[in-house]
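Single-structure report; data block below.
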Amino acid sequence: MSDPVTEPRTGNVIRSTKVATRRSEIRDRLLTTGARLFADRGLSNVSVEDLIDEVGISRATFYGFFANKTELAAAVLHPVFDSGIAAVAKRLPPKPEAKAEKLIDMYLELWNKHRDALLLTNMVDSTVFPLIREPHDQFGVAIRKVLQAIADAGMLRNGDATLSYLVLAKTGIPLLRLYQSHPDFEHVYRESMLALLLKS
């Protein structure tokens, strides 16, 4: 008996490869479009109709991928937390200042790779949060671990890792948005964040 995976001689295998590629492309477009629309308008102001019109698919096609726009929003957000956890999990530098810079580098990296999705993280509501709770909490634990190491070295401005985590959560993304058009964006962002986190 032939194996269609190892012996792709029939049109069916070619068609199923094309179908899989097409499905992947549609899903990617839904994620990209959803991230952009949600970041621009907020989750409550984007409908499934807006999404399918923008992507150019049918309602049935949308529901073949996601049960609702909340599930799409969660799928948009998961890579942000996964990337953030991976970035923070890398070996920490020994100096407290370098640890803080690593956190700031992580925010800048997320901004460059997942800008719209990162902006969406500040708009998460009670319908989306249960779907992202686990990676969100793991991300928070990873950041607090770094902040605690800085606090243990006596270098946190407010001396408290949990409070500094809240400072990051409240200011990290809004400052990215604020400074995004500044000609020296990364430098100004980095200096501002270091001033918030570290003793001078």
Side-chain angles (χ1 to χ4, degrees), residues 2-90 103 105-143 168-169 172-174 176-177 180-181 185-186:
S2 68
D3 180 349
V5 175
T6 58
E7 299 178 32
R9 288 183 244 171
T10 67
N12 289 342
V13 173
I14 292 168
R15 277 195 295 275
S16 58
T17 300
K18 285 182 179 177
V19 168
T21 300
R22 172 90 173 121
R23 283 186 58 78
S24 178
E25 288 169 356
I26 292 170
R27 187 177 192 280
D28 288 346
R29 285 192 355 244
L30 276 168
L31 290 168
T32 302
T33 302
R36 178 173 49 80
L37 293 180
F38 295 148
D40 287 348
R41 303 184 202 169
L43 185 64
S44 62
N45 295 318
V46 177
S47 66
V48 169
E49 202 64 42
D50 294 329
L51 293 160
I52 64 175
D53 285 349
E54 193 86 14
V55 176
I57 58 173
S58 70
R59 186 174 283 274
T61 300
F62 176 89
Y63 288 118
F65 290 97
F66 300 103
N68 48 48
K69 67 178 183 178
T70 302
E71 199 174 273
L72 171 60
V76 164
L77 289 165
H78 271 269
V80 174
F81 297 119
D82 293 343
S83 295
I85 291 164
V88 177
K90 292 175 186 166
L103 288 177
D105 287 342
M106 180 263 306
Y107 272 94
L108 288 166
E109 185 179 321
L110 291 176
W111 180 256
N112 290 325
K113 287 185 179 178
H114 306 284
R115 181 172 309 193
D116 290 332
L118 188 64
L119 290 169
L120 179 58
T121 61
N122 279 0
M123 303 178 205
V124 169
D125 62 19
S126 61
T127 63
V128 177
F129 189 70
L131 302 177
I132 61 162
R133 180 186 305 275
E134 185 176 338
H136 172 275
D137 290 352
Q138 289 173 359
F139 183 55
V141 166
I143 290 175
L168 272 179
I173 297 168
L176 285 166
R177 186 193 285 256
Q180 65 183 321
S181 59
F185 161 62
E186 288 198 10

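Worth knowing before you read on, the calculation uses all heavy atoms, side chains too, and leaves out hydrogens, waters and symmetry mates.
Across all non-hydrogen atoms, the minimal contact from M106 to A87 is CG-CB, 3.7 Å. Here the shortest heavy-atom pairing between L131 and A74 reads CB-CB, 3.6 Å. Closest heavy-atom contact between P174 and N122: CD-ND2, 3.5 Å.
Exactly one of I173, I132, V76 qualifies for a side-chain contact (heavy atoms from CB on, under 4.5 Å) with T121. That residue is I173. Under the side-chain hydrogen bond (donor to acceptor under 3.5 Å, both in side chains) test applied with S83, the options H114, E109, K113, H78 reduce to a single match, H114. Tested against L176 for a side-chain contact (heavy atoms from CB on, under 4.5 Å), the candidates L119, L118, L110 yield a single pass: L118.
A salt bridge is defined here as a Lys NZ or Arg NE, NH1 or NH2 lying under 4.0 Å from an Asp or Glu carboxylate O, and D50 with K69 fails to meet this definition.
Between F185 and W111, the ring-plane angle classifies as tilted under the 30° and 60° cut-offs.
Remark: side-chain polar atoms of R41 are not paired, donor with acceptor, to backbone N or O of V46 under 3.5 angstrom. At distances below 3.5 Å, not a single donor-acceptor pair connects side-chain atoms of S24 with backbone N or O atoms of A20. Although no hydrogens or angles enter the test, the distance criterion places no donor-acceptor pair under 3.5 Å between the side chain of D137 and the main chain of G140. Formation of a donor-acceptor pair under 3.5 Å by the E54 side chain with backbone atoms of L51 is not found in this model.
Around the CD atom of E134, the shell of radius 6.0 Å holds no more than 12 heavy atoms that belong to other residues, nucleotides or ligands. Environment of CZ in R27: sparse, with no more than 12 heavy atoms of neighbouring residues, nucleotides or ligands closer than 6.0 Å.
Note that the CG atom of N68 and the OG1 atom of T127 stand 8.0 Å from one another [nearest 0.5 Å]. L37 CG to L30 CG: the interatomic distance, rounded to the nearest 0.5 Å, is 10.5 Å.
Looking only at side-chain heavy atoms (C-beta outward), F62 and I26 stay at 4.5 Å or farther from each other.
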